[in-house]
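Contents: one structure, followed by commentary.
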Amino acid sequence: MTKPVRVRFAPSPTGPLHIGGVRTALFNYLFAKKHKGTFVLRIEDTDQNRYVEGAESYIVESLNWCGIPFDEGPGKNETHGPYRQSERKHLYKQYADQLIESGHAYYAFDTAETLDFHRKDHEAKGKTFIYNWHNRLKLSNSLSLSQEDVQAKLDSGEDYVVRFKSPQDQTLHLKDIIRGDIKIDTNILDDKVLFKSDGMPTYHLANIVDDHLMEVSHVIRGEEWLPSLALHYQLYDAFGWETPQFAHLPLILKPTGKGKLSKRDGDKLGFPVFPLAWQDPKSHEISRGYKQDGYFPEAMVNFLAFLGWNPGTEQEIFSLEELINAFDLERVNKAGARFDPDKIKWFNHHYMQLQNDYDLAQAFQKSRAELSEIDTQYIEMVVTLIKERASFVSDFWELSHFFFVAPKDYDPKALKKAIKDDTVEILNKTKQLTENVEDVSVENLQSSIKGWIASNEIGFGKVMMPLRLALVGALQGPDVFDIMFMIGKAESIRRIDALIAAI
RNA sequence: GUUCCGUUGGUCAAAUGGUUAAGACGCCACACUUUCUAUGUGGAAUUAGGGGUUCGAUUUCCCUACGGAAUACCA
């Protein structure tokens, strides 16, 4: 571990970055920062058919919003670039050739139809078709054909792929930081395509070449890559390159049921699975995003960090800085983690309390047309009073509308609970007491009304509940005197009158 | 089907040969208070099943079950 730490996040731009991808990026980022290393972004766009317009900039914007920007990547500190595999296309052919020369790979001419036929045929017999040592000599490739035939095919421009020649009867010892040692029998491995007939490398080749050229020290990626690890190890060996260290992260699972988290789960249970909202360029379908749904990036990062990792202490609230300090790949779990929408909401509630009230007030004001004419300072004071109950800015209106608009009707249950025979009498007295307050402040309103209650030995609830009902329209909200002070004496009296009239 | 990875309360999870098996979310109850979706206190709830090793197993080993991933000229 004397080499500088360099890690990469290597998404393929086939759509918006999903929450699992964000978690992978986050762990890469934390590991890089912890070891004063470099976090590289590489775009794996070797499949031209699946390229989606705008996906790359979406990925960049998402990382930035989360506060985990890359150090090196497209358009940024390009010391090991280019960072799009499509722009590195010219690099890969020579490495494929190198493997053919060294006998680690070979040309294969089988058509997609032929292979498809074999697969279907095997499947029908309950077997699996594997292109490797046990049948490669029966197929069309440079191991089964004569040298002349091969050359003729190549010269005539026939389509070919380059396949890795997987060895027979070997046991591979793989190492994973999270999972420990893994043993693999090479006989079950297939001769994976390294180089496609369209002139592009497959993921496997491009990945190894780029990780080597970009001097990646640690490959931290999702568990779905674990089955490819054997191939990747062999590729490093074949090239004679030093193998980086690997860590395969557990998957993020659906909140209920089985399987990997998917967009559909979010739609069904009402939470986003993408950091930012995304509109599909073709279908124009819009997917909601954490940002637009009112989540704070700190909350999302904190939550995501705890999906598959924990510090082993009781601390759960972590700033990014603290996460960097505490993070350790050795403490990453092996088992997949279920996504819990309630928990991320709880984190958001926590981070809400840490936000600046004026900023929140501005966001609140922008979100409601009713507030456009109201002084932002007033809104800020309201926010201060109600935010402890809120998880999202979108909760604010429900919690605070009575600071801006008089109640139009009264909650029937609350009416039943608060209104007694003597309520009108008490409300009239409360109104009078309010009128009598000269210098309107929370303290003066309070001492006036509470003093009267105390000296007359009336039940608190008998006075306070109707008063609250008059002001709010329901039995909710912050301190009654805070509300009275905020809306003012005149408005308070108007609302008391309105309730008296309604009884 | 095959290969690999995994399995501690409903969920996230700590502990790794010896503890009453932490803590958090959620749930329930109670308290506080003028109300509450807040806060506080408390409660219910876990080692997948079977076998082996051991004085002792959540921890090690084996089997079974279950779950996941991979099995493409996709990444």
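A note on names: the letters A, B, ... follow the listed sequences, proteins ahead of strands, and every chain is numbered from 1. As a basis for the values below, the full set of heavy atoms in this structure was taken, side chains included, without hydrogen atoms, waters or symmetry mates.
- Listed candidates were rA69(B), rA22(B), rC74(B). Nearest to the side chain of Glu314(A) is rA22(B).
- Nucleic acid contact for His349(A): sugar-phosphate only, since backbone atoms but no base atoms lie under 4.0 Å from a heavy atom of the residue.
- Side-chain proximity of Ser197(A) to the nucleotides rA13(B), rC73(B), rA24(B) is greatest for rC73(B).
- Not one side-chain nitrogen or oxygen of Asn310(A) sits closer than 4.0 Å to the OP1 or OP2 atom of rA13(B).
- Between the side chain of Lys192(A) and the base of rA72(B), no donor-acceptor pair of N or O atoms lies under 3.5 Å.
- Between Tyr58(A) and Trp278(A), a ring centre-to-centre spacing shorter than 6.0 Å is recorded.
- We find the CE-CG distance between Met484(A) and Leu445(A) to be 5.5 Å, quoted to the nearest 0.5 Å.
- Spacing of C1' atoms, rA24(B) relative to rU71(B), comes out at 38 Å, to the nearest Å.
- Here Arg338(A) does not reach the OP1 or OP2 of rG10(B): none of its side-chain N or O atoms lies under 4.0 Å away.
- Atom CD1 of Ile252(A) is separated from atom P of rG6(B) by 18 Å (rounded to the nearest Å).
- Here rA70(B) presents its C1' atom at 14 Å from CZ of Arg119(A), a figure rounded to the nearest Å.
- The distance from atom CG of Leu115(A) to atom P of rU71(B) is 15 Å, rounded to the nearest whole Å.
- Neither OP1 nor OP2 of rC74(B) sits under 4.0 Å from any side-chain N or O of Thr46(A).
- Considering only heavy atoms from C-beta on, Arg331(A) stays 4.5 Å or farther from Pro311(A) through its side chain.
- A sub-4.0 Å separation between OP1 or OP2 of rA14(B) and a side-chain N or O of Asn333(A) is present.
- Nearest heavy-atom pair, Ser262(A) versus Val273(A), reported as atom, atom and distance to 0.1 Å: O-CG1, 3.7 Å.
- For the 3.5 Å distance criterion, the side chains of Ser166(A) and Asn132(A) fail to qualify, holding no donor opposite an acceptor.
- Arg468(A) comes within 4.0 angstrom of a nucleotide base, judged by non-hydrogen atoms across all strands.
- Position along RNA chain B of the nearest nucleotide to Gly477(A) versus His204(A) favours Gly477(A) as the more 5'-ward residue.
- For the pair Arg50(A) and rC73(B), the criterion of a side-chain N or O lying under 4.0 Å from OP1 or OP2 is not met.
- Counting non-hydrogen atoms under 4.0 angstrom, Thr313(A) reaches nothing in the nucleic acid.
- Nucleotides rU47(B) and rC12(B), compared at atom C1', are 16 Å apart to the nearest Å.
- Summarising the geometry, the separation between CG on Leu226(A) and P on rA75(B) is reported as 19 Å, rounded to the nearest angstrom.
- In a base pair of the Watson-Crick type (N1 to N3 plus N6-O4 or O6-N4) or a G-U wobble (N1-O2 and O6-N3), with each distance short of 3.5 Å, rU46(B) is matched with no nucleotide.
- Within the shown strands, nothing qualifies as a pairing partner of rC74(B) under the Watson-Crick or G-U definition with both distances less than 3.5 Å.
- The nucleotide rG23(B) finds its pairing partner in rC12(B), both defining distances of the Watson-Crick or G-U wobble pair being shorter than 3.5 Å.
- Distance, Phe271(A) CZ to rG26(B) C1': 15 Å, rounded to whole Å.
- For rC74(B), one of the phosphate oxygens OP1 or OP2 lies less than 4.0 angstrom from a side-chain nitrogen or oxygen of Lys196(A).
- Look at rC30(B): its Watson-Crick or wobble partner, with both distances under 3.5 angstrom, is rG40(B).
- Between Phe392(A) and the options Tyr295(A), Trp397(A), Phe296(A), a ring pair (Phe, Tyr, Trp, His ring centres under 6.0 Å) holds for only Tyr295(A).
- For RNA chain B, the residues of residues 389-410 of chain A within the heavy-atom distance limit of 4.0 Å (strictly under) are Arg389(A), Glu398(A), Leu399(A), sorted by number.
- One finds the OH atom of Tyr233(A) at 6.0 Å from the CG atom of Leu174(A) (value rounded to the nearest 0.5 Å).
- Atom pair Asp116(A):CG and rA72(B):C1' shows a separation of 10 Å (rounding to whole Å applied).
- Taking every side-chain heavy atom of Ile182(A) into account, rC4(B) is the closest of rA75(B), rC4(B), rC12(B).
- We find that CH2 of Trp309(A) is positioned 17 Å from P of rA24(B), with the value rounded to whole Å.
- With a cut-off of 3.5 Å on both pairing distances, the Watson-Crick or G-U wobble partner of rG67(B) is rC5(B).
- Where Ser12(A) and Ile188(A) each meet RNA chain B at their nearest nucleotide, the meeting point lying more 5' is that of Ile188(A).
- When heavy atoms are screened at a 4.0 angstrom cut-off, Val193(A) is found touching the sugar-phosphate backbone but no base atom.
- At the heavy-atom level, Arg221(A) lies nowhere under 4.0 Å from the strands shown.
- One P atom belongs to rG42(B), the other to rC25(B), and the distance between them is 13 Å to the nearest Å.
- Phe195(A) CZ to Thr46(A) OG1: the interatomic distance, rounded to the nearest 0.5 Å, is 11.0 Å.
- Residue Gln476(A) is in base contact, counting any heavy-atom pair closer than 4.0 Å across all strands shown.
- Looking at heavy-atom distances under 4.0 Å, Gly308(A) makes contact with sugar-phosphate atoms alone, never a base.
- Picking from rA69(B), rA24(B), rC73(B) the nucleotide with the shortest atom distance to the side chain of Pro227(A) gives rA69(B).
- Rounded to whole Å, the separation between the C1' atoms of rC36(B) and rA31(B) comes to 15 Å.
- Counting non-hydrogen atoms under 4.0 angstrom, Asp110(A) reaches a base of the nucleic acid.
- With rG26(B), rA69(B), rA75(B) as the choices, the nucleotide that has an atom nearest any side-chain atom of Lys260(A) turns out to be rA69(B).
- For the pair Gln48(A)/Met200(A), a side-chain contact is recorded, criterion being any heavy-atom separation below 4.5 Å from C-beta on.
- Spacing between rA15(B) and rU19(B) at atom C1', rounded to whole Å, works out to 9 Å.
- Whole-Å rounding puts the Lys89(A) NZ to rC73(B) C1' distance at 14 Å.
- Comparing the P positions of rG9(B) and rU46(B) gives an interatomic distance of 9 Å, to the nearest angstrom.
- Looking at the side chain of Asp342(A), the nearest of the listed nucleotides rC25(B), rG6(B), rC4(B) is rC25(B).
- A ring pair (Phe, Tyr, Trp, His ring centres under 6.0 Å) with Phe327(A) holds for exactly one of Phe306(A), Phe318(A), Trp309(A); it is Trp309(A).
- Comparing rA72(B), rU71(B), rC25(B) against the side chain of Trp346(A) picks out rC25(B) as the nearest.
- The aromatic rings of Phe129(A) and Tyr131(A) stand perpendicular to each other, their planes meeting at an angle above 60°, with 30° marking the opposite boundary.
- Taking 4.0 angstrom as the limit, Arg179(A) places none of its side-chain polar atoms (N or O) nearer than this to OP1 or OP2 of rG6(B).
- With a cut-off of 3.5 Å on both Watson-Crick or G-U wobble distances, the partner of rU59(B) is given as none.
- Atoms OH and CG, on Tyr203(A) and Asp210(A) in that order, are 10.5 Å from each other to the nearest 0.5 Å.
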